[in-house]
Structures are given as C-alpha cells and as structure tokens.
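First up is the structure itself, then whatever we jot down about it.
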Amino acid sequence: PIYTGAQGRLDDFGSCGSSYAAMISLSASVLPGKSNRNDFPLDRNRVALLIIDIQDFMSKPAAAEKICNVNEKYLYEQSLSSALKNIEILLSSFRRMRCEDEASTKRTGKPEIIFTYLEALTEDCRDISIDYKLSGPLLSSLPTPSTPAIFLPNISPQFDEIRIPKTSCSVFLSTNINYVLRNLNVEQLVLCGQITNQCVESTCRDAADLGYFVTVVQDACAAYSLLDQEHSLSNMMGFARIINTEQVVQELSHSKVMHPPQEYPSRSAPCSGAKITVLKNSRPPILSLLLALRAAGVHFLRYAALDCTNGIRCKAVPLKRLLSNPDLINLQVCVAEACFAGMAGFCDGILNESGFSASNVLVLKPDLDSIRILPYSPFSALAMCTLHYQITGNPSPLCTRNLLQKVIDKALESLGLAFSVGAELEFVLFRSSLDESASPEPVDYSVFANMITLDEQEGFTVTLCKWLDALDIKFTQIHAESAPGQFEVVLLHQDDALRLADHVVLAKETICACAKTYNLRAIFLPKVFRDQAGNGLHLHISLRRDKLNKSNKMMTSENVFVDRAGRYGISQLGESFMEGILDHLPALISLTIPSNNSFRRIGQGCWTGSSIAWSLEDKEVPLRVCIDANLGYATNVEFKLCDACCNIYLALACILSCGVEGITRKLSLRSMVDSSKSSGSAETKVLGPNLKTALSCLRKDDFLLGVLGEKLNKGYFAVKEAEIEHNETWSLQQELDAALKIS
C-alpha cells in the first residue's frame with residue numbers, strides 16, 4: 001500500500017522512472033524474442049477476471065431452440081454445464097483474493113472482477129452491431145434498459161464488481177473496457193464464458209493486440225460443439241496462454257501482494273536501450289520497496305515499537321541512507337533495552353527495580369508489510385518493528401509485538417485455531433486554547449449518537465476518514481458517544497490479530513494528528529469526566545478454522561465460536577475460550593486497564609462491567625457475547641475491560657492466551673448473568689478496585705507470568721508500581737491536565 005503517488009516523482013529515476021515507479025508495467029519486462037507467455041504467471045495485483053455473456057438470456061436451455069434449432073444440444077447438455085461449475089470456482093477464488101488483499105493491496109491493485117454481457121442501449125436495439133442484426137432473432141433482440149439482463153444465481157455481480165454491457169461480439173469494440181482496464185492498472189486478463197469460438201476468441205485477439213497478457217481458461221469456456229471448442233483454443237494459442245481452472249487457482253494462491261520483477265533496469269542505462277541488468281548484492285523486493293517510497297516523495301523511514309507502558313519509541317532513517325545499502329535495512333536502528341521495560345511513562349530514568357541498565361541495546365527490525373506513508377507527515381513512512389538482540393539477532397523477550405505473533409502461531413500449530421479481532425476506539429475532542437490557564441472545553445455537550453457532533457465536526461471526520469483510508473485502516477462506523485465531545489471509531493475485524501494491533505496503534509496516532517489540524521486535541525484518557533462515561537478500547541474476538549475444500553481446492557474460513565445448536569448459540573470451543581478469560585480476569589486487567597485512571601472508568605452503571613461475569617448483549621458485564629444484527633445469532637465476544645493506556649500487543653497476547661488455555665483445559669463456561677438482577681450477588685465476584693490490587697493478582701497468576709516471561713514480568717511490575725506511586729494521589733483534573741500536555 002505504499003505505491004500511491006509513485007508516478008509523481010519519476011524524475012528521480014532518470015529515463016528509467018516508469019520501470020521502477022509502482023512496478024506498473026509487465027510489458028517492460030518482456031525481452032523481445034526471448035520471453036514467452038508462460039514467463040508471466042498471474043499476478044493478483046494486475047489481473048482481472050472477465051466473465052463473458054454468462055446471463056439468463058444466453059445460458060439457459062430455452063435459448064437452444066432459438067440458437068441451435070434443437071439440433072446442436074452439445075452446448076447446453078455438456079459444454080456449458082461444465083463451464084459454469086468452473087466459472088463459479090474462478091469467481092470464488094477471485095473474490096477470496098479480493099477479501100484477503102482489501103487492506104494490503106488497495107494502492108498496488110487487487111484482483112478485479114468484470115462481467116460483460118449482452119444488453120442494448122436503446123429499447124428497440126437499434127444501437128447493436130450489424131453482425132448481431134444479421135444473426136437471427138435472439139441476437140437481434142437483446143435485453144434493453146427496460147428489460148435488463150438477468151444474471152445466473154450463482155454467477156452474478158456483487159458489490160464493487162464491474163458490469164459492462166456490450167452490443168457486439170468483442171467487448172473491446174462496443175464498450176470503453178480498454179479505458180476502464182487502463183485506469184485500474186490491469187495488465188492481465190483471465191477470460192471465461194461463451195461462446196468460445198465467437199465472443200471469447202474475438203475478445204482474446206483484441207486484448208492481445210492492445211497489449212494485455214491474456215489467459216483463456218479452457219474448461220471454463222463453452223462452445224456449440226467439441227470441434228468448435230478445440231479449433232478455437234488452438235487458434236487462441238497464438239494470442240494467449242491456454243490453461244485450466246485448477247492452474248488459475250494455484251497461480252493466484254502463490255501470487256504475492258507485491259510481486260517485484262526478477263530483474264531491474266540499470267539506472268545508468270536508458271530505457272530505450274532495453275538493457276536489463278541484475279543488481280548484485282541486494283534484495284530486489286526491498287530495493288523495489290525503497291525505490292517506490294522515494295518515487296512517492298518519502299524522505300524518511302520511521303522505525304517504531306511500543307514499550308510496555310504503551311509509549312511509541314521511534315527513530316527516523318533517511319531514505320537515501322537505506323538506498324545506499326538495502327541489505328542494512330534491518331540493522332539501522334538500535335534503542336536501549338531499558339527503554340522498553342525499565343522506564344516509567346512519566347520519566348526516562350531507569351528504575352533500579354526493573355533490573356535493567358544502560359549497557360544493552362536492541363535492534364528494531366521493520367515488518368515490511370506494515371510500512372505505510374503517513375498522510376499527516378507525507379515525507380515520512382512508518383514501519384512497525386520487532387525487537388532483537390544486537391549480537392545473536394534473536395527476538396527479545398521485551399518485544400510485545402513478537403509475543404503476540406508467538407501466541408497466534410502457537411494457537412494455529414497446537415489447535416488449528418486462528419483469531420478474528422475488531423476494535424472500538426473511544427476518545428474525547430477538546431478545543432485548543434492559547435490561554436493555558438483556561439479550563440479545557442470539549443467540542444460539545446451532546447449525548448450518544450447525536451447528529452450535532454457529526455454536523456459540527458464534519459471536517460474532522462471527513463479528513464480522518466481519508467487519512468485512515470490512505471493507511472488502509474478500514475473502519476465501519478464513527479459516531480458520537482455519550483460523554484461531552486466523545487467519539488467512537490469502530491475498526492473492521494481483521495483475520496490477522498497482529499495487523500489489527502498495528503491498526504490500533506496507527507489509528508490512535510492518526511486521530512491525534514487529525515485533531516491538531518483542526519486546532520483540537522484528541523484525548524484517549526480512560527476517565528475524563530467524573531460523572532460521564534469513559535474512553536474504552538473494546539475488543540471483539542471470534543475464533544476460526546481455515547479448511548481446504550477438497551472438491552474445488554479452495555480455502556474456506558469457518559467461525560468456530562458459533563454453534564447455533566449449542567448452549568447460548570456458542571460452540572464448546574467458544575465457551576471454553578470465554579471461561580479461560582474469566583478465570584484469569586482479576587490478573588488480566590492489570591495488563592488491559594493498566595493505570596490508576598483506568599479504574600476510575602470501571603464500576604456499576606459505567607457499561608464496562610466490574611465483576612467476573614458474562615452475558616448475551618449485556619453492556620454491564622466484562623464479556624459480552626454479541627449477536628450479529630444481520631445473521632440473528634452470536635458471532636463474537638466483546639472484551640470491555642480494555643482501554644488505550646494498554647500496550648495493545650501485550651494486552652491482546654494475554655487475552656488470547658487466557659482464552660486458548662481455557663480451550664486446552666476444556667473449561668466449562670459459568671452461568672450467564674443478568675446484570676440488572678445479579679449485581680453484588682454471591683454468584684458473581686467483584687473485581688479489584690484499583691491497579692495495585694490487579695498487580696497483586698498478576699503476581700499470583702503463574703500462567704500469565706509464564707506468558708510474559710521473567711524479564712518482561714520484572715520490568716512491568718517495576719514500571720507500573722512506580723507509576724502508581726507517582727500519581728496515586730492525583731485528582732482527575734490533574735490526570736486530564738497531564739494527558740492534554742502530551743496530546
């Protein structure tokens with residue numbers, strides 16, 4: 001997602017700029033007389049599936065009477081029925097790739113799906129081709145605007161898939177498809193549909209002549225006879241690759257999000273000379289990434305990692321430095337080890353109790369998939385990093401991002417489980433004031449879901465939407481919350497929990513930066529107003545298993561948190577997962593609501609939950625099972641005792657670990673509570689009143705101590721105990737003042 005705008009700085013590359021920027025052109029990689037079509041397998045960033053004439057009008061046996069005069073039944077009895085099954089497989093594969101790539105390939109491209117079909121522009125079909133007017137009653141009377149084309153139930157366009165009606169044999173002659181494909185940066189076309197020796201072949205020839213790399217899926221095309229099919233496929237071999245459905249699916253599954261060319265033009269050689277050289281002693285994917293960043297106007301790459309107090313430790317490296325030796329991209333930035341678990345959030349002094357000194361440093365290694373150009377600092381890109389020992393290169397036990405990845409990997413390896421996680425970020429907008437003595441004022445005093453907030457802050461919300469979109473952070477809603485000036489942004493569920501954690505970190509930074517552009521301050525402090533709801537970071541979690549469908553060799557994902565026949569509509573896995581969290585909840589909250597202020601948000605009537613309990617759609621319990629409004633049954637569990645003071649990697653790693661331990665131990669889920677009836681009753685245990693109590697519980701929780709590891713444990717306790725001592729006597733106003741100073 002870092003290639004947007006790459007064409008704006010082609011001058012940086014001299015005459016070879018277009019070969020580098022955004023890796024746009026496959027044709028630039030063609031070596032005349034040496035390359036062949038099989039040298040260019042399908043690339044999900046540049047490909048479109050073009051489905052030709054699969055519509056009710058042409059694909060039902062009733063049409064046979066008009067076209068074939070009942071003598072040629074091969075099309076409807078054999079060829080078409082087989083082709084339709086394979087088109088469904090292709091369509092499913094492309095749609096799955098689009099979903100997988102939604103976040104990561106928005107700017108480099110994603111697989112496109114295009115339906116072209118017969119439909120006239122006029123009611124009397126006067127605009128159709130002469131050829132169709134001469135081809136009998138069916139083709140001379142196409143669907144019209146008032147009686148539009150009808151697609152087959154299993155092969156029909158969905159949201160954001162492209163429809164292009166045509167009135168001639170080749171879609172390239174009677175439509176603007178070439179214009180559309182160029183705008184989409186599509187270079188490869190996968191053709192399927194009917195009729196093989198007519199519309200498919202005409203489209204294939206025209207596409208090849210226009211410079212597209214064409215693939216015809218032979219078992220997804222239909223003809224009137226086997227002889228027609230074989231002759232047409234033979235004819236198209238001079239214009240396209242002829243492969244089957246299985247090969248297409250395999251090629252797409254092996255295609256990467258960013259697919260760099262294997263060779264690069266020499267910077268010193270003019271493109272017109274077509275001289276291709278391999279750049280020795282470099283890693284082509286990293287080099288192409290850095291070149292694209294430079295083409296987009298980036299001057300610095302920021303290396304960022306979270307410490308255990310949720311502070312972002314970050315250094316910036318000039319892009320010129322990295323381009324001088326791409327192999328050193330993992331060895332550029334070092335930060336003192338003590339910064340990550342030996343210093344309290346209020347001071348950069350090393351705490352003796354942490355056991356750290358100034359003697360050791362950790363190397364920050366960037367996750368290249370996480371790199372984003374910052375819309376609020378467009379000369380900089382940011383990479384989330386993992387922490388490694390300087391000498392051995394091994395991951396540091398202080399790296400919370402790596403800890404989360406280990407938890408994810410272990411669940412997949414031991415139980416075959418993966419996690420889908422979404423998040424709700426709450427914050428309050430304050431107006432900035434030049435008068436430092438003046439009390440800060442929220443932007444309004446509205447109530448939950450009030451339209452006034454959205455009306456008055458539309459500039460902020462629109463800019464925020466654009467910036468999050470530029471970072472490929474998907475969100476589903478933004479609305480006013482119940483406290484003055486309070487907003488909630490709902491981040492879309494991610495099937496990669498690590499990526500969701502990255503999105504939380506980046507979204508918070510983006511919200512703060514966006515607020516400042518409107519002379520506002522975004523405050524994520526858990527409790528801002530004494531008598532109003534606080535700011536949470538609620539996490540929605542579901543469990544899934546990915547399975548290979550043996551019939552079509554497609555990967556499918558199943559939400560195994562759900563069992564509609566089970567108790568409460570939750571599977572046994574889901575119940576054990578929840579009980580594992582509840583079992584460790586008194587200690588777990590020392591990691592998820594880890595500040596004195598955090599506990600001001602917790603209590604009866606605060607819609608956070610303050611006891612060890614769960615329920616269906618009850619906002620007064622820590623674990624709320626959520627019923628999907630569209631599906632009508634439970635799909636995920638919301639963990640409410642989390643806020644933006646936590647290190648999201650650490651918090652999520654521990655929440656998921658507790659849930660997985662519940663599954664491993666096959667724990668039975670305790671009874672559901674009704675918060676309106678059971679508050680303070682013997683059946684529920686009230687959680688500790690403050691962080692000090694939660695830390696005491698953590699000291700006694702051997703499982704969670706084992707998840708963190710000895711070194712992180714020691715540092716975390718030292719840091720949190722120092723923070724408690726530092727601000728234990730602070731008033732709410734003092735906490736707010738401190739938050740405003742650093743916002």
Side-chain angles (χ1 to χ4, degrees), residues 48 50-76 79-80 83 87 114-152 155 162-181 189 191-212 214 216-218 220-240:
L50 181 57
I51 300 174
I52 301 171
D53 295 351
I54 300 300
Q55 58 193 105
D56 183 89
F57 174 70
M58 288 288 293
S59 303
K60 284 193 171 182
E65 299 292 332
K66 298 179 181 179
I67 297 179
C68 309
N69 297 320
V70 304
N71 294 321
E72 298 174 335
K73 299 295 185 180
Y74 174 82
L75 173 67
Y76 296 98
S79 183
L80 187 58
I87 292 172
I114 303 174
F115 288 77
T116 185
Y117 53 95
L118 297 172
E119 184 177 293
L121 301 176
T122 56
E123 293 297 332
D124 59 1
C125 295
R126 64 184 182 276
D127 61 297
I128 70 173
S129 69
I130 293 297
D131 173 57
Y132 277 9
K133 291 175 180 177
L134 297 172
S135 295
L138 186 70
L139 292 179
S140 61
S141 302
L142 302 184
T144 65
S146 63
T147 56
I150 300 173
F151 297 95
L152 304 188
I155 306 176
I162 298 170
R163 308 180 185 198
I164 300 181
K166 68 184 181 75
T167 56
S168 67
C169 193
S170 171
V171 65
F172 282 93
L173 291 183
S174 57
T175 77
N176 65 341
I177 189 172
N178 186 46
Y179 169 81
V180 172
L181 293 172
L189 286 177
L191 305 187
C192 61
Q194 63 175 349
I195 300 294
T196 310
N197 59 316
Q198 296 181 20
C199 295
V200 175
E201 185 173 341
S202 295
T203 300
C204 170
R205 289 171 178 264
D206 288 344
D209 286 342
L210 288 168
Y212 293 96
V214 183
V216 175
V217 190
Q218 58 184 344
C221 294
Y224 292 138
S225 69
L226 179 60
L227 186 62
D228 285 347
Q229 178 86 348
E230 291 177 345
H231 282 174
S232 181
L233 292 174
S234 177
N235 291 339
M236 287 188 284
M237 288 181 66
F239 301 89

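Below, each value reflects all heavy atoms present in this structure, side chains not excepted, and no hydrogens, waters or symmetry copies.
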- request: Determine, step by step, whether E119 and T144 satisfy the side chain to side chain contact (heavy atoms under 4.5 Å, CB included) criterion, reporting the C-alpha distance in whole Å, the side-chain angles of both residues, the deciding distance to 0.1 Å, and the verdict.
  value: CA-CA 6 Å; E119 184 177 293; T144 65; 5.8 Å; no
- request: Walk me through it: do Q55 and I150 pass the test side chain to side chain contact (heavy atoms under 4.5 Å, CB included)?
  value: CA-CA 6 Å; Q55 58 193 105; I150 300 173; over 6 Å; no
field: Test side chain to side chain contact (heavy atoms under 4.5 Å, CB included) applied to I51 and I87, step by step
entry: CA-CA 8 Å; I51 300 174; I87 292 172; 4.2 Å; yes
task: Test side chain to side chain contact (heavy atoms under 4.5 Å, CB included) on R205 and N235 and set out the steps.
output: CA-CA 10 Å; R205 289 171 178 264; N235 291 339; 3.8 Å; yes
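Atom CG of N197 is separated from atom OG of S225 by 7.0 Å, given to the nearest 0.5 angstrom. With values rounded to the nearest 0.5 angstrom, I177 atom CD1 is found 5.0 Å from I114 atom CD1. Within the model, atoms CG of D228 and CD1 of I195 stand 9.0 Å from one another, a figure rounded to the nearest 0.5 Å. From C221, atom SG reaches atom CD of E201 across 10.5 Å, with rounding to the nearest 0.5 Å. Expressed to the nearest 0.5 Å, how far CG of L50 lies from CZ of F172 amounts to 7.0 Å. Taken to the nearest 0.5 Å, the NZ atom of K166 stands 11.5 Å off from the OH atom of Y117.
Under 3.5 Å, the side chains of Q229 and S79 contain no donor-acceptor pair of N or O atoms. Side-chain atoms of S168 and S129 include no donor-acceptor pair closer than 3.5 Å. Between T203 and D206, the side chains place no donor N or O within less than 3.5 Å of an acceptor N or O (distance only, hydrogens not considered).
Of all non-hydrogen atoms in P148 and P145, the two that sit nearest each other are CD-O, 3.8 Å. Pairing each heavy atom of A120 with each of C125, the nearest pair is CB-SG, 3.8 Å. Nearest approach of I54 to L80, heavy atoms of both residues: CD1-CD1, 4.5 Å. For I128 against L142, the heavy-atom pair with the smallest separation is CG2-CD1, 3.7 Å. Closest heavy-atom contact between V200 and Q194: CG2-N, 3.9 Å. Between K133 and R126 the shortest heavy-atom distance is NZ-O, 3.0 Å.
A 4.5 Å side-chain heavy-atom check between L181 and L189 finds at least one atom pair inside the cut-off. Between T196 and Q218, every side-chain heavy-atom pair lies at or beyond the 4.5 Å cut-off. The shortest side-chain heavy-atom distance between C169 and C199 falls under the 4.5 Å cut-off.
Residues that satisfy the side-chain hydrogen bond (donor to acceptor under 3.5 Å, both in side chains) test with S135, not counting sequence neighbours, are absent from this structure.
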